[in-house]
Amino acid sequence: MLKIPIIIINFKAYDSAIGKNAVKLAKICEKVAKKRKKSVAVSVSETDIAEVSKAVSIPVLAQHIDPDEPGAHTGAILAEEVKAVGAIGTLLNHSEKRIPHKILQKTIEHAKKQKLITIVCVKDNKEAAQVKKFKPDFIAVEPPELIGGTISVSSAKPEVIKASKQALKGSRSKLIVGAGVHTTEDVKKSIQLGAVGVLLASGVTKAKNPEQVLEALAKGL
Ligand code: G3P
């Protein structure tokens, strides 16, 4: 399981966070996690999972998996494979990699069979209420229009976080929030509003000094 409260950095496919840079950045994340004694995880491109998992002790997540079992599925990203090379879980339905809910349900079931932790991304509290019935471990609410921007979800849309917390009341899925998160205050406010963690990308992957940014984010947990 992922220790909460948590900061999850989605490396996406940023130049600064793929290949050798993925290992370098993951080591920075691990250094800050150890120094601040805070829970930090990284979500990396599937081709980087093996190298990053070998290089760091913090949790490594895939950014997507398909629902397929091993077999004639050209190009599929299998739960079995990402697990075999070190992933402990996966993002699903990210705004940049949407999955139709019917397939999403099948994918979550398959991930569970492989004992992979599931973090399902949704655009708002309404979608959170729809996907909670699939019982993912976490639901990450990320308003698409805020992704990659400088105003965080906790400043721009606190009501969406509150409504998402309400929507998940009584469900096993824990709330994570993301989009535009890049300061201590953004993290603090997200937790105060009811999230158990934040999911972010550009605040760290595009930073001149990612270690400094991550130190500041960790202060918010
Ligand atoms: O998965 C997290 C990501 O979509 C948020 O992006 O750049 O706004 O932190 P960013």
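Every value quoted in this text rests on a predicted model; they were computed, and no experiment measured them. We count ligands from 1, going down the list as the structure has it; atoms in each ligand are counted the same way. For the numbers below, each heavy atom of this structure counts, side chains included, while hydrogens, waters and symmetry mates do not.
A salt bridge does not link K20 to E51: none of the charged side-chain nitrogens sits closer than 4.0 Å to a carboxylate oxygen.
Residues S155 and S152 have side chains that bring a donor and an acceptor to within less than 3.5 angstrom of each other. There is no side-chain donor-acceptor pair under 3.5 Å between H64 and E46.
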Side-chain donor-acceptor contacts of residues 141-151 below 3.5 Å, not counting sequence neighbours, with atom names and distances?
residue, atom, partner, partner atom, Å
E142, OE1, H94, NE2, 3.3
E145, OE2, K157, NZ, 2.9

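With rounding to the nearest 0.5 angstrom, the OG1 atom of T90 is 7.5 Å from the CD1 atom of I49. Distance check: I119 CD1 to L92 CG gives 9.0 Å after rounding to the nearest 0.5 Å.
Every protein residue with a heavy atom nearer than 4.0 Å to ligand 1 is included here: N10, K12, H94, E142, I147, G148, A179, G180, L199, L200, A201, S202.
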